Every structure is written in C-alpha cells, then in structure tokens.
There are 2 protein chains.
Amino acid sequence: MPYEHELKSLSNPIRQSVINELAQRPMSVRELTVKIDVSQPVMSQHLKVLKEAGLIEVRPEGTRNIYCVNKEKLEEIRAFWTAHWSNLLASLNEQKE
Amino acid sequence: MPYEHELKSLSNPIRQSVINELAQRPMSVRELTVKIDVSQPVMSQHLKVLKEAGLIEVRPEGTRNIYCVNKEKLEEIRAFWTAHWSNLLASLNEQKE
DNA sequence: CCTTATGATAAGCTATGCCTTATGAACACG
DNA sequence: CGTGTTCATAAGGCATAGCTTATCATAAGG
C-alpha cells in the first residue's frame, strides 16, 4: 500500500490542523503553536513527523523557521487516493449486479 | 474534523487490506486470516475496530461470521475527503497568485 | 451426545505515540 | 559581548495499539 507513511502522519488531529493552517499560508513554529494550542516542543515534534513524511518543508528566516506545505506531494496523495477509492467503490458496485 | 475515527481506523495496513478484500466480496473471518496473513484473534480485533467505526458489517451464517463493507459509509467518507482536499489544494493555489 | 470448526474475547506483554520538562544551539539586537 | 527570542531535541513518563496465548461459546454433523 503506497503512501502508508503519509496517511499515518495525517491521522493525528494536531497534524491535520497544521496542514490546514499551512495551506492558508506559510508560518513560523511560534505562529503555529499560537493558532493551534500546543506547547512549542510538541509542535516541533509534530512538524518533524510531517517533514519526514515529505508533507511540509522548512526555510530558516533569522531565528525563525518558516514551514510550508509541499504542494506537489499533497497533489500526489490526492491523486492516489482518488484513484484508489474509485477502484474500491467500483468493485463494490460490481458486487451488487 | 469530521471522520477522525474512521480515518484513524484506516491508517493501519492490516485494516486497509481488510477493506480492500471486502470490497471484492464478503468474506468470513477465516478467509480473511488466510488472504491477509495474520492470526485469528488479531483479525477479530481489527474487524472489531472497523465495525465500531461503522466501516464494515457482520452477518452470521452457521458457525461463520460473514463480513462486508458498509458501502454508504465508504461513499460518505469519499465525498468528505474529496471536498476537504479540494478546499486544501484550492487554498494552496491561491497562495501563489 | 461428542466432536470439530469457527470466531469472540480476556489477560498479559511489548512497542509506539504523544506529552512534559529541561537544555542547548543559532540568530538578532543593544 | 551579553541578552532575549526562536526552535530542535533529549529524557522521562503514561496511555494506547497491537500482538500472543488461552479460553469459551456456538453451530454443524456424525
């Protein structure tokens, strides 16, 4: 099963929120900890998971680390899931007939 | 975030395989343990999780329990995800312009 | 009945996930 | 430089996930 790692990364509420926030605009760790209500180390840990899954990227800017989503990756995932679920539901419909 | 419970259920490789198998046709626990290579108790435990998430259903047939996917539920989830990811990627595209 | 097949569930163990607290590194700024 | 801000990461703890083994219930079939 492809994209297992990515799917698992996205199965956590905080990380889902991070993706949602970063889809609006790039943000520093500090900003994210304020928007989503978590401690700074927790945020860094979740960001690490998302980064290792290739879902987000970092760019240092002075003392701050600006995170943004990896657009290509998200589009890849969307494409895969769309296809996968189409097949799934297609099989299901064949069962009935 | 809606469908969190369902998404989490689907974030496990064995449970993903179960859904894939049951999308082909309804199956007994025994059949599933053979197709996917796990012990019977493990399979029962994973089936319980999927059932509690509303993704599958059971029907007793003699000594066997036949499991099948809940088609309506899967279609609900697909619809939600499609919409959610469309919004996500739409926001992303607005960032660039 | 007795036996066999099937499957649910409990108990116990280990690994993992996610949090806290503490610390150190890197940069900006006076 | 010294100080403050931002952030990553290590260490430790606790809850949960997921496995094994063992057991029990139910139905079919002689």
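Lettering of chains follows the sequences in order, A, B, ..., and the numbering in each one begins at 1. Bear in mind the structure is a predicted one, so any value in this text is a computation, not a measurement.
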Quiz prompt | Residues in ring pair (Phe, Tyr, Trp, His ring centres under 6.0 Å) contact with A:Phe80, at least two apart in sequence or another chain | solution = A:Tyr3, A:His84
Quiz item: Closest approach of B:Glu57 and B:Asn70, non-hydrogen atoms and distance?
Solution: OE2-ND2, 3.5 Å
Practice problem: Write out all pairs satisfying salt bridge (charged side-chain N to carboxylate O under 4.0 Å, His left out) with one or both partners inside residues 5-14 of chain A, taking only residues at least two apart or from two chains. | Solution: A:Glu6-A:Lys73
Show me, pair by pair, the donor-acceptor contacts under 3.5 angstrom made by side chains of residues 40-53 of chain A, not counting sequence neighbours?
from    : atom 1 : to      : atom 2 : distance (Å)
A:Gln40 : NE2    : A:Ser44 : OG     : 3.1
A:His46 : ND1    : A:Arg15 : NH1    : 3.0

Practice problem: Could you tell me which residues satisfy side chain to side chain contact (heavy atoms under 4.5 Å, CB included) with B:Gln24, sequence neighbours excluded, listed by chain and number? | Solution: A:Ser91
Quiz item: What parts of residues 18-26 of chain A reach DNA chain C, counting only heavy atoms under 4.0 Å away?
Solution: none
Quiz item: Can you name the ring pair (Phe, Tyr, Trp, His ring centres under 6.0 Å) partners of B:Trp81, sequence neighbours left out?
Solution: A:Trp81, A:Trp85
Quiz item: Quick one: A:Gln16 CD to C:dG17 P, roughly how many Å, whole number?
Solution: 16 Å
Practice problem: To the nearest Å, give me how far apart CZ (B:Arg64) and P (C:dA8) are. | Solution: 13 Å
Quiz item: Using a cut-off of 4.0 Å between protein heavy atoms and nucleotide atoms, how would you tag nucleotides 18-30 of chain C 5' to 3' with B, S and -?
Solution: SBBBB----BS--
Practice problem: Sorted by first residue and then second, give each salt bridge (charged side-chain N to carboxylate O under 4.0 Å, His left out) pair with at least one member in residues 59-70 of chain B; sequence neighbours left out. | Solution: B:Arg59-B:Glu61
Quiz item: Taking A:Met27 as the fixed residue, which of A:Val18, A:Thr33, A:Leu22 is the one that meets the side-chain contact (heavy atoms from CB on, under 4.5 Å) rule?
Solution: A:Leu22
Practice problem: Would you check if B:Leu74 and B:Leu55 make a side-chain contact, meaning some heavy-atom pair closer than 4.5 Å? | Solution: yes
Quiz item: Contact boundaries of DNA chain D with chain B (under 4.0 Å, heavy atoms), 5' to 3'?
Solution: D:dG18 to D:dA28
Self-check item: Residues which pass ring pair (Phe, Tyr, Trp, His ring centres under 6.0 Å) with A:His5, listed by chain and number, not counting sequence neighbours
Solution: none
Quiz item: Mind checking what makes side-chain hydrogen bond (donor to acceptor under 3.5 Å, both in side chains) contact with A:Arg25, not counting sequence neighbours?
Solution: A:Glu31
Exercise. Enumerate, in order of first residue number, the stems that involve DNA chain D, defined as 3 or more consecutive Watson-Crick or G-U wobble pairs with both distances under 3.5 Å.
Key: C:1-30 with D:1-30
